Amino acid sequence: MAVTPTQYQAVVGLAGHVDHGKTALIEALTGMITARPHEQQLGMTQDLGFAHFQDDHGNTIGVVDVPGHERYLRNMVAGVWHLNVLLLVVAADEGWMPMTTSHLDVAHAMGIEDIVVCINKRDKVSAEQLAAIEDQVLEQVMERSGLLPEIVTVSALKKDNIEALRQLLIDTVQVNITRHKVIVPANSDDIAVLEPATDPLMYIDRVFVVNGIGTVLTGTLAQGQLAIGDKVRCHPSNLIGTVRSIQAYHQQLTSVSATCRVAVNIKGVGRKDIGRGQLVTGINQQITLRDQCIVRLTKTATKLKVKKQRQVEVAMGTWHGTARLSYIPNTELARLVFEKPIPLLFGQRLAMIQKGGSGLQHGAEVVWTDYIFGYQKRRLYDVLDNLPQQLQPQSQRQMLLVLQGYFECADADFKACRQQTYIAPFCFDSQWLADMSHQIETLLGAGIAMASAELCSRLRINDAVIELIMQRLKQQDKVHLSYGKWCIGQGDNEDDLPQDALNILHQIRQFGKAGLELNKVKVVGGKKWLRQLSHQKYITALDENIYFDMGIYLDLVKAVIAEHQPHDRITMTDIKDRTGLSRKYSIPLANRMEKDGWVKRDNDERIILRSWQKE
């Protein structure tokens with residue numbers, strides 16, 4: 001059975017103070033008991049519990065029960081990291097409690113926009129008390145989140161008004177799904193808005209082994225689809241496995257789509273090699289593993305004192321660990337440094353919790369994961385601090401266009417518009433590309449040939465990007481590649497040589513002034529390409545065994561005679577000192593220079609025949 005496109009799936013999470021009746025409420029709503037036997041004996045949920053119910057059209061809504069005690073706040077974050085709707089439970093006989101505040105703060109920090117408040121145990125208070133609790137709840141939610149929640153009152157144990165709660169959850173879920181399916185049309189002046197991602201994304205919350213089946217991973221599929229036979233990758237373990245079976249809400253499926261609670265049997269992944277907090281993605285998805293990132297603070301605890309560097313606990317997805325938090329002055333940004341590399345996604349929500357405590361210090365979202373060069377910092381911070389309030393995939397691409405003029409994307413993801421140019425695998429801001437091309441032409445036009453690496457360093461641009469720009473300019477006959485360096489104007493391009501010849505040329509250049517000696521190094525393709533490259537003057541033979549790159553050879557010639565005039569005399573000692581070559585190489589160099597008409601021999605001296613001029 002596969003989920004059809006007309007169906008929707010969603011996940012609701014229950015949060016609230018301990019002993020406010022969340023587990024009983026789930027049983028009344030779904031008929032399922034989420035508490036494990038030891039939790040029933042204890043009377044307290046310690047870890048995540050799962051159930052589900054259906055609307056009148058057969059659409060399934062998953063339910064996650066999170067712990068209410070402050071000791072299990074990290075587990076609570078693991079349950080609300082990706083929900084369509086939060087159901088915040090408040091007991092009518094106790095009212096708003098400290099952990100109600102913590103749970104609301106965390107949920108809001110994690111980006112949950114739709115909140116339903118259920119006041120449970122309404123049978124235990126008078127109508128006046130119930131009305132007062134409703135006012136208290138409404139005030140607290142609006143003050144702390146700015147959201148206007150729907151409120152329903154029930155008695156879970158007496159199953160009173162449960163149907164009204166069920167319908168309210170269904171209506172709120174449908175509003176949430178409809179809102180997130182809206183695709184804004186692409187504007188010719190802006191980056192095109194992408195369709196919802198099809199690549200799977202799931203944080204693992206449980207791993208166990210079923211006899212005869214193998215390793216089973218459970219979690220909330222937050223994005224994309226999974227199907228039997230799909231290859232998946234686990235991060236940061238980098239394990240690759242194959243989906244062998246899928247179960248969602250007690251049904252065996254051939255495929256499943258987000259958002260959905262799912263159990264996946266993975267072939268090739270062992271129970272001991274993977275655990276809670278790891279991220280499951282498609283095998284070709286680009287996931288960044290970093291030990292630090294920059295985040296934008298979205299919510300700050302009101303009692304937080306001086307903003308100084310501190311150790312915090314970070315909860316992200318179902319993962320949590322410690323990190324060092326450093327604030328970036330005059331911005332709403334901060335740097336997090338983790339103990340080891342973890343998978344990080346642009347726009348990923350996280351919660352920072354007081355180390356060893358239960359109070360939320362910050363809600364935040366990841367906005368930068370790459371290395372930052374010193375010259376880039378101020379501009380980067382300005383761009384990051386001015387990102388739109390609601391981050392979307394196109395927000396990252398727009399940021400990269402503003403910051404560096406290009407971003408990497410697949411051909412299928414590129415939507416043409418007037419202000420962008422696509423040269424696989426990069427999308428360029430067209431004006432930035434034109435300006436950079438003009439800057440390169442100006443540099444080379446000054447008569448200074450430059451290798452690609454020199455241009456990268458001078459212009460502070462990615463080497464792959466420089467190569468694309470240079471090839472584009474070459475196709476326009478504006479530059480050519482000679483002796484490993486780019487020159488202005490038309491000319492023979494050495495990168496048009498056959499691959500075997502290019503390999504030999506690269507091999508010789510790697511040796512530099514040491515030269516390639518045939519009696520020491522095996523040359524792919526033999527002497528055929530050596531003769532061809534020598535004929536085309538890409539290399540030169542000092543003698544029958546020693547070959548130099550032509551650019552290196554000419555630099556040595558210049559070092560020998562640049563300050564001399566015709567008829568000046570130099571000794572072999574002069575040649576050795578000026579070139580830094582040993583006698584083994586300096587004598588063949590002098591002989592080669594004689595063959596090329598630079599000098600002639602007179603006993604132990606060489607007479608300069610012509611002044612320096614590059615061939």
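Please read these numbers as outputs of a predicted model, since none were measured by experiment.
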- Do Met352 and Leu297 come within less than 4.5 Å of each other through their side chains, counting heavy atoms only? yes
- Task: Working to the nearest 0.5 Å, report the span between CZ of Arg166 and CG of Leu168.
- Result: 12.0 Å
- Note on the structure: In this structure, CZ of Arg397 is separated from CD of Glu408 (nearest 0.5 Å) by 10.0 Å
- Can you check whether Met97's main-chain N or O pairs, donor with acceptor, with Thr100's side chain at less than 3.5 Å? yes
- Item | Donor-acceptor contact present, side-chain Thr318 to main-chain Ile204, <3.5 Å | yes
- Assign the ring pair Phe338 / Trp319 to parallel, tilted or perpendicular, where the plane angle (0 to 90°) is split at 30° and 60°. perpendicular
- Item | CG/Asn330: more than 12 non-hydrogen atoms of other groups inside 6.0 Å | no
- Query: Are Leu88 and Pro149 side-chain neighbours, meaning at least one heavy-atom pair lies under 4.5 Å?
  - Reply: no
- Query: Got a donor-acceptor contact below 3.5 angstrom from the Lys22 side chain to the Asp65 backbone?
  - Reply: no
- Are the side chain of His108 and the backbone N or O of Ser145 linked by a donor-acceptor pair below 3.5 Å? yes
- Taking the side chain as every heavy atom from C-beta outward, state whether Leu344 and Met316 have any atom pair closer than 4.5 Å. yes
- Message: Has Arg144 got a side-chain atom pairing as donor or acceptor with Asp105's backbone, closer than 3.5 angstrom?
- Response: no
- Shortest non-hydrogen contact from Ile246 toward Ser255: CD1-CA, 4.1 Å
- Task: Would you sort out whether Val295 and His362 count as a side-chain contact (heavy atoms from CB on, under 4.5 Å), showing the intermediate values?
- Result: CA-CA 10 Å; Val295 298; His362 292 294; over 6 Å; no
- Message: Tell me whether Asp291 is salt-bridged to Arg324, with the criterion being a basic N under 4.0 Å from an acidic carboxylate O.
- Response: no
- Query: Roughly how far apart are Ile372 CD1 and Ile294 CD1, rounded to 0.5 Å?
  - Reply: 3.5 Å
- Query: If you measure from CD on Gln9 to CG on Asn84, what distance do you get to the nearest 0.5 Å?
  - Reply: 10.5 Å
- Within a reach of under 6.0 Å around CD of Gln136, are more than 12 heavy atoms found that belong to other residues, nucleotides or ligands? yes
- Message: Are Ile162 and Leu25 packed together at the side-chain level, in the sense that at least one heavy-atom pair is separated by less than 4.5 angstrom?
- Response: yes
- Message: Any side-chain to backbone donor/acceptor pair from Asn265 onto Val243? Under 3.5 Å, distance only.
- Response: no
- In a check of side chain to side chain donor-acceptor pair (under 3.5 Å) between Thr281 and each of Gln286, His235, Arg233, which one passes? His235
- Task: Tell me, with the steps shown, if Phe346 and Leu400 meet side-chain contact (heavy atoms from CB on, under 4.5 Å).
- Result: CA-CA 12 Å; Phe346 176 80; Leu400 291 173; over 6 Å; no
- Gap between atom OG1 of Thr220 and atom CZ of Phe50 - 0.5 Å precision: 6.5 Å
- Asp385 vs Glu332 side-chain heavy atoms within contact, under 4.5 Å: yes
- Message: Side chains of Gln247 and Val216, heavy atoms from C-beta outward: is any pair under 4.5 Å?
- Response: no
- Tightest non-hydrogen contact, residues Tyr249 and Cys260, listed as CE1-SG, 3.6 Å
- Message: I'd like to know if the side chain of Asp199 reaches the main chain of Gly282, judged simply by a donor and an acceptor atom lying under 3.5 Å from each other, with no hydrogens or angles considered.
- Response: no
- Would Arg296 and Glu365 pass as an ion pair if we require N to O under 4.0 Å? yes
- Item | Which atom of Thr259 lies closest to which atom of Ala222, heavy atoms considered | OG1-O, 4.2 Å
- Message: Using modelled atom types and a 3.5 Å cut-off, is there a donor and acceptor pairing between side-chain atoms of Asn120 and backbone atoms of His20?
- Response: yes
- Item | Shortest non-hydrogen contact from Tyr203 toward Pro343 | OH-O, 4.1 Å
- Taking atom OH of Tyr422 and atom SG of Cys427, what is their separation to the nearest 0.5 Å? 8.5 Å
- Where is the tightest heavy-atom contact between Arg290 and Thr288, given as atom of each residue plus distance? CG-CG2, 3.1 Å
- Message: So does Gly363 get a backbone contact from the side chain of Arg349, meaning a donor-acceptor N/O pair under 3.5 Å?
- Response: no
- Can Asp205 and Arg261 be said to form a side-chain contact (heavy atoms from CB on, under 4.5 Å), step by step? CA-CA 11 Å; Asp205 51 45; Arg261 286 292 310 168; 2.6 Å; yes
- Item | Heavy atoms of other groups near Lys159 NZ, more than 12 under 6.0 Å | yes
- Is there side-chain contact between Leu169 and Ile61, with heavy atoms separated by less than 4.5 Å? no
- Query: Taking C-beta and beyond as the side chain, do Leu138 and Leu148 meet within less than 4.5 Å on heavy atoms?
  - Reply: yes
- Between Gln278 and Pro236, the two heavy atoms sitting closest are OE1-N, 3.8 Å
- Message: Pair Met110, Leu83 - check side-chain contact (heavy atoms from CB on, under 4.5 Å), show working.
- Response: CA-CA 9 Å; Met110 300 303 282; Leu83 298 175; over 6 Å; no
- Task: Only one of Val232, Leu226, Leu221 passes side-chain contact (heavy atoms from CB on, under 4.5 Å) with Val280; say which it is.
- Result: Val232
